[in-house]
Amino acid sequence: MTDQTDIIDIQEQISQRRSKLTALRTGGNAYPNHFKRLHLAVDVLSTYNEHSPEALTETPVIVQLAGRLMLKRVMGKASFIHLQDMSGRIQLYVTRDALGIDAYEDFKHWDIGDIIGATGQLFFTKTSELSVKVSDLQLLTKALRPLPDKFHGLNDQEMCYRQRYVDLMVNPATRNTFKLRSHLVSYIRNFLIQEQFLEVETPMMHAIPGGATAKPFTTHHNALDMPLFLRVAPELFLKRLVVGGFEKVFEINRNFRNEGLSTRHNPEFTMLEFYQAYADYRDLITLTEKLLRGLSIELTGASIIQYQGQSIDFAKAFQQLSVKDSILRFNPDITLSDLDDIDRLKTRLTSLKIAMPANAGLGRLHMELFEHTVEHHLIDPTFITEYPTEISPLARRNDHNPDITDRFELFIAGREIANGFSELNDPDDQASRFKEQVHQKEAGDDEAMHFDQDYITALEYGLPPTAGEGIGIDRLVMLFADAPTIRDVILFPQLRKAQD
RNA sequence: GGGUUGCUAGCUCAGUCGGUAGAGCAUCGGACUUUUAAUCCGCAGGUCGAAGGUUCGAUCCCUUCGCAACCCA
């Protein structure tokens with residue numbers, strides 16, 4: 001007998017599995033790596049499912065599979081097990097007669113979670129399930145920790161996030177979400193490449209954080225002895241590339257913002273940004289509609305999707321509304337003249353219990369009102385246009401009204417999905433907007449932008465008339481995966497440090 | 001930052017109007033050569049999130065803390 005108290009101690013099942021590993025080590029190489037997988041579970045099923053049992057008997061099909069042992073039904077001298085690989089699951093039939101007495105006896109002590117390699121012949125069971133009659137079975141990697149409940153899987157959300165690998169093993173819905181995410185990104189990438197955009201990578205570490213109004217993470221370069229900031233947006237670098245002559249560029253990469261966590265915010269998130277010379281924001285609206293409509297068909301086979309019980313229609317032309325019109329639509333008691341009167345606006349916001357930033361101008365007040373009373377109503381895809389210049393320091397002023405910019409944001413399911421505008425390519429106007437941002441920063445707005453002289457210099461070389469857009473990839477995945485929180489579409493979402 | 005809820009066996013969950021806890025699955029032992037969350041029999045497995053307090057007695061009541069979820073700012 002082994003020391004009973006040791007086995008009972010701490011975690012019984014891990015100890016049991018460790019003793020099995022010790023036996024494996026004694027018997028030879030416990031971690032063999034010679035097994036060659038030749039087939040995938042679901043490929044095999046889809047290729048041979050329509051064959052007749054007779055055909056499989058007449059011309060035997062031998063397959064060689066590897067994966068994780070997920071289910072085990074031992075009935076004396078014969079067993080059924082499920083093997084799960086990257087494609088899905090297949091059933092294997094394991095018998096003492098085929099394996100031999102010793103090998104079968106060893107197999108009976110293998111655990112759910114173990115990684116195995118199997119060779120065998122395809123056949124149909126009594127109930128016509130295509131399965132593998134195993135002739136050779138090998139334990140490739142011993143799993144020392146038990147898997148969650150074979151039926152209920154892993155439900156504890158914290159565990160799903162902290163131990164995503166376990167979540168992925170046992171919850172097919174999680175696997176599907178991240179397959180969909182990969183599919184979505186590759187579709188967008190191909191779409192843009194077909195539209196003749198060039199994929200580029202710009203710095204993640206910026207000496208001057210810019211391109212968005214957001215708080216950056218700070219770090220330090222030792223050799224250069226200089227502070228660096230994780231980027232909040234790639235915008236200013238992508239536009240430098242347009243100055244350089246790359247007239248259509250895009251980047252899909254991470255941004256970092258030092259802000260709170262929520263169901264819609266992770267400190268690092270993935271953003272698509274693309275810039276197109278000789279286009280304006282209206283061209284981007286057209287492109288965005290085309291992209292999303294195609295994406296919906298590609299991912300779901302339909303142009304109307306269900307998100308959290310709401311129906312979202314990508315088929316019909318997306319609505320367009322100006323900021324002001326949208327406020328008026330969802331606040332019937334507010335008049336157009338209210339929107340031009342800063343005192344009346346402040347009174348209104350106060351009565352709605354909306355906190356106002358100090359020194360807020362009309363534009364900022366409009367946006368506060370918009371965020372609190374309009375945004376969550378915008379379920380079907382809606383472009384909001386005519387954003388105030390005050391809060392759009394990188395966007396081109398409207399030719400007829402300098403207080404607004406040629407900018408839009410796209411809202412779906414009450415959330416901002418995209419932000420695009422005709423780019424400000426007048427270096428003098430850009431310099432004065434940066435100055436205004438610096439002024440805001442000095443007044444206490446730590447999200448305001450810095451003055452980026454090198455960017456101004458780039459503009460002085462001449463940025464062609466250009467339009468650019470950013471699309472939040474995580475939020476887009478949430479929509480198509482019907483995920484209520486951003487953590488469900490990020491493999492390893494940021495959490496607080498776990499307690500030991 | 002504020003509020004609400006949760007934290008019990010490896011997993012999924014019960015439960016104790018305060019008397020230190022149960023089930024299913026998994027594990028371990030036994031039976032079983034076509035199962036489908038296999039079935040049947042048996043054993044074992046817990047600092048009831050952490051620390052204090054109240055109490056004869058706390059997993060339960062109170063306080064603080066940790067982590068998470070949801071809502072609000």
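Just so we're on the same page: letters track the sequence lines, and every chain starts at 1.
- Here the CE-OG1 distance, from A:Met449 to A:Thr213, works out to 5.5 Å after rounding to the nearest 0.5 Å.
- The listed nucleotides are B:U35, B:U12, B:U33; the one nearest the side chain of A:His152 is B:U12.
- Taking side-chain N and O atoms only, A:Lys150 has no distance below 4.0 Å to OP1 or OP2 of B:A37.
- Residue A:Lys20 contributes atom NZ, which lies 13 Å from atom P of B:A26 at whole-angstrom precision.
- For A:Thr263, the side-chain atoms get nearest to B:C70 when compared with the rest of B:C70, B:C28, B:C32.
- Distance OH (A:Tyr104) to P (B:C32): 11 Å, rounded to an integer number of Å.
- Distance from the side chain of A:Met75 is smallest to B:U33 among B:C11, B:U33, B:A69.
- Contact annotation: side chain of A:Thr125 to base of B:U35, donor-acceptor pair present below 3.5 Å.
- An OP1 or OP2 oxygen of B:C28 is reached within less than 4.0 angstrom by no side-chain nitrogen or oxygen of A:Arg17.
- Ranked by how close their nearest RNA chain B nucleotide is to the 5' end, A:Lys108 and A:Phe80 are led by A:Lys108.
- When heavy atoms are screened at a 4.0 angstrom cut-off, A:Leu147 is found touching no nucleic acid atom at all.
- In this entry B:A44 has no Watson-Crick or G-U wobble partner, no candidate having both defining distances under 3.5 Å.
- Base pairing of B:A37: no nucleotide in any strand meets the Watson-Crick or G-U wobble criterion (both distances under 3.5 Å).
- Taking 3.5 Å as the limit, the base of B:A26 and the side chain of A:Gln13 contain a donor-acceptor pair of atoms between them.
- Counting to the nearest Å, the P atom of B:C71 and the NE2 atom of A:His265 are 13 Å from each other.
- Separating the NZ atom of A:Lys72 from the P atom of B:C32 is a distance of 16 Å, rounded to the nearest angstrom.
- Nucleic acid contact class of A:Val74 (heavy atoms, under 4.0 Å, all strands): base.
- Between the side chain of A:Asp156 and the base of B:U12, no donor-acceptor pair of N or O atoms lies under 3.5 Å.
- Residue A:Arg496 places none of its side-chain N or O atoms closer than 4.0 Å to OP1 or OP2 of B:G66.
- For the C1' atoms, the distance from B:G52 to B:U59 is 16 Å, rounded to whole Å.
- A gap of 14 Å separates the P atoms of B:G57 and B:G19, to the nearest Å.
- Comparing atom distances between the A:Lys133 side chain and each of B:C28, B:U34, B:C67 picks out B:U34 as nearest.
- Checked against B:C28, B:U33, B:U34, the side chain of A:Ala78 finds its nearest nucleotide in B:U33.
- Nucleotide B:C60 has no partner under the Watson-Crick or G-U criteria, as no pair reaches both atom distances under 3.5 Å.
- Taking the P atoms as reference points, B:A23 lies 22 Å from B:C60, given to the whole Å.
- Of the C1' atoms belonging to B:A73 and B:G46, the separation is 41 Å, rounded to the nearest Å.
- Spacing of C1' atoms, B:A44 relative to B:U5, comes out at 35 Å, to the nearest Å.
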Test A:Phe314 against A:Phe480 for ring pair (Phe, Tyr, Trp, His ring centres under 6.0 Å), laying out the working first. CA-CA 12 Å; A:Phe314 290 101; A:Phe480 288 108; 5.5 Å; yes
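- Residue contacts shown for A:Gly153 are limited to sugar-phosphate atoms, with no base heavy atom under 4.0 Å away.
- A sub-4.0 Å separation between OP1 or OP2 of B:C11 and a side-chain N or O of A:Asn155 is absent.
- Checked against the 6.0 Å centroid criterion, the rings of A:Phe123 and A:Tyr93 qualify as a close aromatic pair.
- Checked against A:Leu362 for a side chain to side chain contact (heavy atoms under 4.5 Å, CB included), the options A:Asp341, A:Leu345, A:Asp403 give a single hit: A:Leu345.
- If you check B:U34, B:G45, B:C67 against the side chain of A:Phe123, the one that comes closest is B:U34.
- Between the side chain of A:Asn171 and the backbone N or O of A:Leu154, at least one donor-acceptor pair lies under 3.5 Å.
- Distance check on atom C1': B:C11 versus B:U4 gives 27 Å, rounded to whole Å.
- Under the Watson-Crick and G-U wobble criteria, each requiring two contacts below 3.5 Å, nucleotide B:G24 is paired to B:C11.
- The interatomic distance linking A:Phe107 (CZ) with B:U33 (P) rounds to 14 Å, in whole Å.
- The CE atom of A:Met169 sits 14 Å away from the P atom of B:C11 (whole-angstrom rounding).
- Taking the P atom of each, B:G24 and B:U39 are spaced 12 Å apart, rounded to whole Å.
- The backbone N or O of A:Glu368 lies less than 3.5 Å from a partner atom in the side chain of A:His372, making a donor-acceptor pair.
- At a cut-off of 3.5 angstrom, the base of B:U35 holds at least one donor-acceptor pair with the side chain of A:Gln91.
- B:A38 and B:G15 have their C1' atoms separated by 30 Å, given to the nearest Å.
- Here CG of A:Asp482 is found 4.5 Å from CD of A:Gln308. Values are rounded to the nearest 0.5 Å.
- Within 4.0 Å (heavy atoms only), A:Thr485 reaches sugar-phosphate atoms of the nucleic acid but no base atom.
- With a cut-off of 3.5 Å on both Watson-Crick or G-U wobble distances, the partner of B:G18 is given as none.
- Between the side chain of A:Asn176 and the main chain of A:Lys179, no donor-acceptor pair closer than 3.5 Å is present.
- B:G66 atom P lies 14 Å from atom CD of A:Glu158, rounded to whole Å.
- A donor-acceptor contact under 3.5 Å is formed by the side chain of A:Asp149 with the base of B:G24.
- Nearest nucleotide to the A:Leu495 side chain, out of B:U33, B:A69, B:A26: B:A69.
- Put simply, CZ on A:Arg96 is 13 Å from P on B:U34, counting in whole angstrom units.
- Within the structure, every side-chain polar atom (N or O) of A:Arg73 is placed at least 4.0 Å from both OP1 and OP2 of B:C25.
- When both distances must be under 3.5 Å, the Watson-Crick or G-U wobble mate of B:A68 is B:U5.
- Where A:Arg487 and A:Lys353 meet RNA chain B, the nucleotide closest to each residue was compared, and A:Arg487 sits on the side nearer the 5' end.
- Within 4.0 Å of A:Asp97, counting heavy atoms only, lies at least one base atom of the nucleic acid.
- A:His377 and A:Phe330 have their aromatic ring centers within a separation under 6.0 angstrom.
- A:Lys77 has a side-chain polar atom (N or O) that falls below the 4.0 Å cut-off from OP1 or OP2 of B:U33.
- A centroid separation of 6.0 Å or more is found between the aromatic rings of A:Phe124 and A:Tyr48.
- Taking 4.0 angstrom as the limit, A:Arg162 places a side-chain polar atom (N or O) nearer than this to OP1 or OP2 of B:A68.
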